[in-house]
Trainee: 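A single structure is presented below for examination.
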Amino acid sequence: ARPASEEIARLTGPVSRWPAAPGWTRPELVAVRPDSAGRGTVRASRCLGSEWEIDVEVDGVVVTALARGPMSGRVSVEI
């Protein structure tokens, strides 16, 4: 079941903005992959131990995703 609001979802862990309805999602649900024709642009990559947190700008909104390694450039983004 989906939490009723972003505020309630934040009680159980981090959330990421999303440029379409409902407006937010969990970083672990966002899939990114290198794609020169993708709609996202990587803005930052941070190592979190065994995984990487990737900030991707999509339609003017910065979306946070988790990945197995660092990324840069254009990427495709899906939930």
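Note that this is a predicted model, so its numbers are computed, not measured. Computation of the quantities below employed the complete heavy-atom set of this structure, encompassing side-chain atoms and omitting hydrogens, waters and symmetry-equivalent molecules.
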Trainee: So which heavy atom on Gly40 is nearest to which on Val77, and how close?
Mentor: CA-CG2, 4.4 Å
Trainee: For Arg10 versus Val15, what's the shortest heavy-atom pair and its separation?
Mentor: CZ-CG2, 3.2 Å
Trainee: Write down the atom of Val75, the atom of Pro34, and the distance for their closest heavy-atom approach.
Mentor: CG1-CA, 4.1 Å
Trainee: Identify the two heavy atoms, one from Met71 and one from Arg33, that lie closest to each other, and give their separation to 0.1 Å.
Mentor: CE-CA, 4.3 Å
Trainee: For the pair Arg26 (side chain) and Ser16 (backbone), establish whether a donor and an acceptor sit closer than 3.5 Å, ignoring hydrogens and angles.
Mentor: no
Trainee: Could you list all the side-chain hydrogen bond (donor to acceptor under 3.5 Å, both in side chains) pairs where at least one residue sits in residues 60-74, not counting sequence neighbours?
Mentor: Thr41-Arg74, Asp55-Thr64
Trainee: For Leu29, what are the other residues in its hydrophobic cluster, where any two members join if their side-chain heavy atoms are less than 4.5 angstrom apart?
Mentor: none
Trainee: Do Val63 and Trp18 have side chains that approach each other closer than 4.5 Å (heavy atoms only, starting at C-beta)?
Mentor: yes
Trainee: Listed by chain and number, what are the side-chain contact (heavy atoms from CB on, under 4.5 Å) partners of Pro70, not counting sequence neighbours?
Mentor: Ser45, Trp52
Trainee: What pairs with Glu57 under side-chain contact (heavy atoms from CB on, under 4.5 Å), at least two apart in sequence or on another chain?
Mentor: Arg43
Trainee: Give me the atom names and distance for the closest heavy-atom approach of Glu51 to Leu66.
Mentor: OE2-CD1, 3.7 Å
Trainee: Which residues satisfy the side chain to side chain donor-acceptor pair (under 3.5 Å) test with Ser36, sequence neighbours excluded?
Mentor: none
